[in-house]
There are 2 protein chains.
Amino acid sequence: MQNISEEDYLGIIYKHKDKNGEVKANLIAEKLQVSNAAVTDMLKKLSRNGHIIYEKYKGIRLTEGGEVYAKNMVRRHRIWEVFLNQIVGMPWDKVHDEAHRLEHSGSDELIDRLEEMLEYPEYDPHGDPIPSKEGKVPKLRKHVQLAELKQGQAGTVIRVNDFDDQFLQYISKIGVKLNEPVLVKEKRRFDKSLQIIVKGKPWNISNKVAENIFIEIKKK
Amino acid sequence: MQNISEEDYLGIIYKHKDKNGEVKANLIAEKLQVSNAAVTDMLKKLSRNGHIIYEKYKGIRLTEGGEVYAKNMVRRHRIWEVFLNQIVGMPWDKVHDEAHRLEHSGSDELIDRLEEMLEYPEYDPHGDPIPSKEGKVPKLRKHVQLAELKQGQAGTVIRVNDFDDQFLQYISKIGVKLNEPVLVKEKRRFDKSLQIIVKGKPWNISNKVAENIFIEIKKK
DNA sequence: CATTATTTTTAAGCTTACTTAAATTTGGAT
DNA sequence: ATCCAAATTTAAGTAAGCTTAAAAATAATG
Ligand SMILES: [Mn+2]
Ligand SMILES: [Mn+2]
Ligand SMILES: [Mn+2]
Ligand SMILES: [Mn+2]
């Protein structure tokens with residue numbers, strides 16, 4: 001079995017499906033850094049072996065079997081991340097890339113043993129939910145992008161996007177981490193940048209950064 | 001980097017070089033379960049990129065750089081094995097296959113951290129030495145194949161070949177493990193099979209099995 | 001609704017790592 | 001020295017997963 005590419009495609013499809021369970025080919029190409037032509041080829045293959053439902057020019061959706069497979073890949077990835085962070089002591093801005101390589105190698109039995117060692121974590125180091133062996137996905141608390149908060153609003157970081165280590169390193173430096181309280185002190189109209197307060201200190205961040213940090217709003 | 005095949009070839013060459021540091025193509029083909037033609041192709045590639053010295057019809061040997069690379073692969077493999085056995089609790093007949101997949105994925109930093117967690121083990125679960133980060137290889141104590149022991153001789157198991165899980169499972173069942181004392185009670189000329197005593201119990205084993213168990217002879 | 005712009009697919013071609021079959025070289029055994 | 005068998009290489013071809021360039025379909029805009 002040398003399904004590394006297939007598995008990456010399936011994982012991406014799972015993670016980026018919309019409310020209708022559909023993904024556009026374009027997005028896959030971008031996320032995997034390959035050409036659109038490569039995506040079309042792989043979609044045909046995934047369709048042939050029953051992992052996705054694919055019709056020319058239509059949106060892509062996972063079959064039941066494909067969903068199971070893809071969800072398991074996400075599970076593998078996130079359990080590796082927790083292991084690397086918790087047991088190995090690797091910082092959260094490094095675990096994603098490392099896990100992305102390991103996710104294709106270990107057996108399911110190994111993953112299960114790691115999960116047991118970690119006492120069945122529900123979330124990975126970036127706040128993403130970890131599907132259980134049975135396929136149950138822990139619910140995420142209600143949340144919004146930090147970029148959507150109004151001036152004066154406050155909340156707690158409950159998830160961050162994990163796909164760019166530069167980004168993670170940057171927000172770590174300014175003190176943003178899971179469960180950290182954040183207050184929006186100022187919001188500027190012209191570039192949508194904001195000033196936030198973390199651990200009592202003020203920081204200016206771009207809208208792009210704020211779009212990748214997710215907040216549970218503090219009701220007062 | 002997607003050097004999985006290259007890395008496997010280099011690892012095999014390193015592990016099977018003779019006293020002159022040479023390996024025959026045939027052996028590589030057998031160990032990797034590929035055709036001789038495939039081996040020739042890869043040897044050319046490894047020669048091109050400076051990992052081996054290769055001349056048509058001559059024995060294969062690692063360059064200095066190739067040796068470093070190959071030794072590191074063996075290191076990665078064996079550290080994974082110890083980790084899986086010690087930390088994850090996986091039996092010694094399962095760790096080789098699992099490690100063989102993981103060895104290509106993790107970063108060197110991860111390997112170093114695992115090594116630290118394991119307190120710098122010198123040997124893997126089958127008694128094979130683990131090269132250090134600096135490339136030093138722990139010495140193996142003087143040993144012989146169990147098959148070479150004469151009737152009445154006794155000794156201690158210090159290494160077993162790890163490439164066949166059926167074999168490992170079998171010898172586990174009869175109580176053979178690292179540091180276990182063994183006595184040759186009887187040796188039969190016609191098929192070279194032997195009767196051995198392990199933990200007070202007698203067992204009949206084939207010559208083939210005895211060839212893959214290595215013994216430090218007890219001097220009396 | 002006609003015309004761009006964007007997305008997606010086709011077509012042709014490349015690289016890696018394999019395969020089988022045939023040719024060549026080598027190392028023994030007589 | 002000759003012959004044979006085993007080891008190795010060459011030749012030709014395949015499958016996976018990419019690429020770029022061009023064509024076709026769909027979506028967005030005036
Ligand atoms: Mn991740
Ligand atoms: Mn991956
Ligand atoms: Mn091994
Ligand atoms: Mn390997």
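A, B, ... follow the sequence lines: proteins, then strands. Residue 1 opens every chain.
- If you take CD1 of Ile4(A) and P of dC18(D), they are 10 Å apart, rounded to a whole angstrom.
- As rounded to whole Å, 15 Å separates atom P of dT25(C) from atom CD of Glu55(B).
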Give every pair of a protein N or O atom and an N or O atom of nucleotides 24-28 of chain D that lie under 3.5 Å apart, one pair per line with the distance.
from: dA25(D); atom 1: O4'; to: Tyr57(A); atom 2: OH; distance (Å): 3.4

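- In this structure, CD on Gln86(A) lies 12.5 Å from CD1 on Ile79(A), to the nearest 0.5 angstrom.
- Across dT9(C), dA17(C), dG17(D), the shortest atom-to-atom separation from the side chain of Ser5(B) is found for dA17(C).
- Applying the salt bridge (charged side-chain N to carboxylate O under 4.0 Å, His left out) test between Glu115(B) and each of Lys133(B), Arg78(B), Arg75(B) identifies Arg75(B) as the sole match.
- Rounded to the nearest 0.5 Å, atoms CG (Asp124(B)) and CZ (Phe83(B)) are 15.0 Å apart.
- Nucleotide dA11(C) holds its P atom 12 Å from the CG atom of Asp41(A), rounded to whole Å.
- Atoms CG (Asp8(B)) and P (dA17(C)) sit 11 Å apart, rounded to a whole Å.
- Separating the CD1 atom of Ile12(B) from the C1' atom of dA17(C) is a distance of 16 Å, rounded to the nearest angstrom.
- For the pair Leu84(A)/Arg113(B), no side-chain contact is recorded, criterion being any heavy-atom separation below 4.5 Å from C-beta on.
- By the 30° and 60° cut-offs, the orientation of the rings of Tyr69(B) relative to His51(B) is perpendicular.
- Non-hydrogen atoms lying under 4.0 Å from DNA chain C are contributed by Ala25(A), Asn26(A), Asn36(A), Ala37(A), Thr40(A), all within residues 25-40 of chain A.
- For the pair Asn3(B) CG and dT16(C) C1', the interatomic distance rounds to 11 Å; values are reported in whole Å.
- Residues passing the ring-ring contact (aromatic ring centres under 6.0 Å, His included) test with Tyr54(A): none are found, sequence neighbours excluded.
- Using a cutoff of 4.0 Å between basic side-chain nitrogens and carboxylate oxygens, Asp128(A) and Arg159(A) are scored as salt-bridged.
- Looking at Leu10(B) and Ile52(B), their side chains come closer than 4.5 Å, going by heavy atoms from C-beta outward.
- With sequence neighbours excluded, the residues that form a side-chain hydrogen bond (donor to acceptor under 3.5 Å, both in side chains) with His100(B) are Glu103(B).
- Atom C1' of nucleotide dT15(C) and atom CZ of Arg48(B) are separated by 11 Å, given to the nearest angstrom.
- A close approach under 4.0 Å does occur between a side-chain nitrogen or oxygen of Lys44(A) and OP1 or OP2 of dT10(C).
- Rounded to 10 degrees, the angle between the two end axes of the helix from dC1(C)-dG30(D) to dT30(C)-dA1(D) is 10°, with five pairs used at each end.
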With a 3.5 Å cut-off and sequence neighbours excluded, list the donor-acceptor pairs that the side chains of residues 23-43 of chain B form with protein atoms.
from: Ser35(B); atom 1: OG; to: Ala38(B); atom 2: N; distance (Å): 3.1
from: Thr40(B); atom 1: OG1; to: Asn36(B); atom 2: O; distance (Å): 3.2

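- Within the 4.5 Å cutoff, the side chain of Leu194(B) has heavy atoms near those of the Ile205(B) side chain.
- A straight line from OH of Tyr54(B) to C1' of dT9(D) spans 7 Å, rounded to a whole angstrom.
- Not one side-chain nitrogen or oxygen of Lys24(A) sits closer than 4.0 Å to the OP1 or OP2 atom of dT7(C).
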